[in-house]
Asker: 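Right, I'll just put the structure down here and ask away after.
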Amino acid sequence: MQFILVVLLALGAILDLLLGISFFIDPAGAGADFGLQSPTPEGLSAMRGDFTAFFWLAALCMGWTAWKRRADMLWPALALFTIAFSGRLVNLVAVGAYDGWWQPMIVEALHVIVMVMAIKLLPYGRVSPAGPV
């Protein structure tokens with residue numbers, strides 16, 4: 001089970017790294033995929049900075065966890081995706097559904113589920129041959 005979680009964390013890290021790269025290189029194009037339109041320099045700057053930071057931090061935390069097989073680095077990424085999912089859920093209730101509303105929520109929910117499972121099943125701290133220290 002731990003091996004499967006490590007693979008899923010690595011795949012999530014790769015996805016998030018690529019999303020971050022797309023926002024860093026082409027925020028207008030990447031933002032359009034997320035339903036965002038921002039023709040102003042301030043809007044593009046916010047998209048390039050904020051979305052890149054979100055996805056790169058998540059990729060770093062998930063990738064580090066997969067590499068080291070330690071769960072202690074997952075908390076920041078878990079917080080990011082839990083808050084993002086919660087915001088989408090509030091929007092769904094407050095504003096209503098739109099075409100494709102469920103797709104990003106599934107991706108965020110899968111991130112959260114995999115990270116919670118990894119936090120529960122992977123060790124914390126340094127791992128020695130005798131087990132977690």
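FYI, side chains are in, hydrogens and waters are out, and symmetry mates aren't considered; it's all heavy atoms of this structure. Since we're looking at a predicted model, the values are computed, not measured.
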Asker: For Trp75, what residues pass the side-chain hydrogen bond (donor to acceptor under 3.5 Å, both in side chains) criterion, not counting sequence neighbours?
Answerer: Tyr124
Asker: Applying a strict under-4.5 Å side-chain criterion to I, L, V, M, F, W and Y, I'd like to know whether Phe34 and Leu80 cluster together.
Answerer: yes
Asker: Show which residues join Met73 in its hydrophobic cluster (side-chain heavy-atom contacts under 4.5 Å, direct or indirect), or state none.
Answerer: Trp64
Asker: Transitively linked via ILVMFWY side-chain contacts under 4.5 Å: Ile25 with Leu17?
Answerer: yes
Asker: How is the hydrophobic cluster of Phe3 composed, in terms of its other members, when Ile, Leu, Val, Met, Phe, Trp and Tyr link through side-chain heavy atoms under 4.5 Å apart, directly or indirectly?
Answerer: Val7, Leu11
Asker: Which other residues end up in the same hydrophobic cluster as Ile83, if Ile, Leu, Val, Met, Phe, Trp and Tyr are linked when side-chain heavy atoms come under 4.5 Å apart?
Answerer: none
Asker: Check whether the ring centres of Phe23 and Phe54 lie less than 6.0 Å apart, and answer yes or no.
Answerer: no
Asker: Mind checking what makes side chain to side chain contact (heavy atoms under 4.5 Å, CB included) contact with Ala10, not counting sequence neighbours?
Answerer: Ala66
Asker: Rounded at 0.5 Å granularity, tell me how far OG1 in Thr65 sits from CG in Leu74.
Answerer: 3.5 Å
Asker: Which salt bridge (Lys or Arg N to Asp or Glu O under 4.0 Å) pairs, counting each pair once, include a residue from residues 23-37, with sequence neighbours left out?
Answerer: none
Asker: Please report, to 0.1 Å, the donor-acceptor pairs under 3.5 Å made by any side chain of residues 91-113, with sequence neighbours excluded.
Answerer:
residue : atom : partner : partner atom : Å
Glu108  : OE1  : Arg88   : NE           : 3.1
Glu108  : OE2  : Arg88   : NE           : 2.8
His111  : ND1  : Val107  : O            : 2.9
His111  : NE2  : Asp16   : OD1          : 3.2
His111  : NE2  : Asp16   : OD2          : 3.0

Asker: Taking Leu44 as the starting point, is it possible to reach Ile21 by hopping between hydrophobic residues whose side chains are less than 4.5 Å apart?
Answerer: no
Asker: With sequence neighbours excluded, tell me which residues meet side chain to side chain contact (heavy atoms under 4.5 Å, CB included) with Ala77.
Answerer: Ala58, Cys61, Met62, Met115
Asker: Suppose we screen for side chain to side chain contact (heavy atoms under 4.5 Å, CB included). Which residues come up paired with Ile14, at least two apart in sequence or across chains?
Answerer: Leu18
Asker: Give the cluster check for Leu15 versus Phe85: same hydrophobic cluster or not, with ILVMFWY residues linked at side-chain heavy-atom distances below 4.5 Å.
Answerer: no
Asker: Hydrophobic side-chain clustering at under 4.5 Å (ILVMFWY, transitive links): who's grouped with Leu60? Put none if nobody.
Answerer: none
Asker: Considering only residues two or more places apart or on different chains, which pairs with a residue in residues 44-59 satisfy side chain to side chain donor-acceptor pair (under 3.5 Å)?
Answerer: none
Asker: Are Phe24 and Phe55, when compared by the centres of their aromatic rings, separated by less than 6.0 Å?
Answerer: no
Asker: Kindly compute the distance separating CG (Leu122) from CG (Asp72), expressed to the nearest 0.5 Å.
Answerer: 10.0 Å
Asker: Can you find a pair of side-chain heavy atoms, one from Phe51 and one from Leu19, that are under 4.5 Å apart?
Answerer: no
Asker: If you round to the nearest 0.5 Å, how far is CD of Gln37 from CE of Met47?
Answerer: 9.5 Å
Asker: If hydrophobic clusters are built by linking Ile, Leu, Val, Met, Phe, Trp and Tyr wherever their side-chain heavy atoms come under 4.5 Å apart, do Val116 and Leu8 end up in the same one?
Answerer: yes
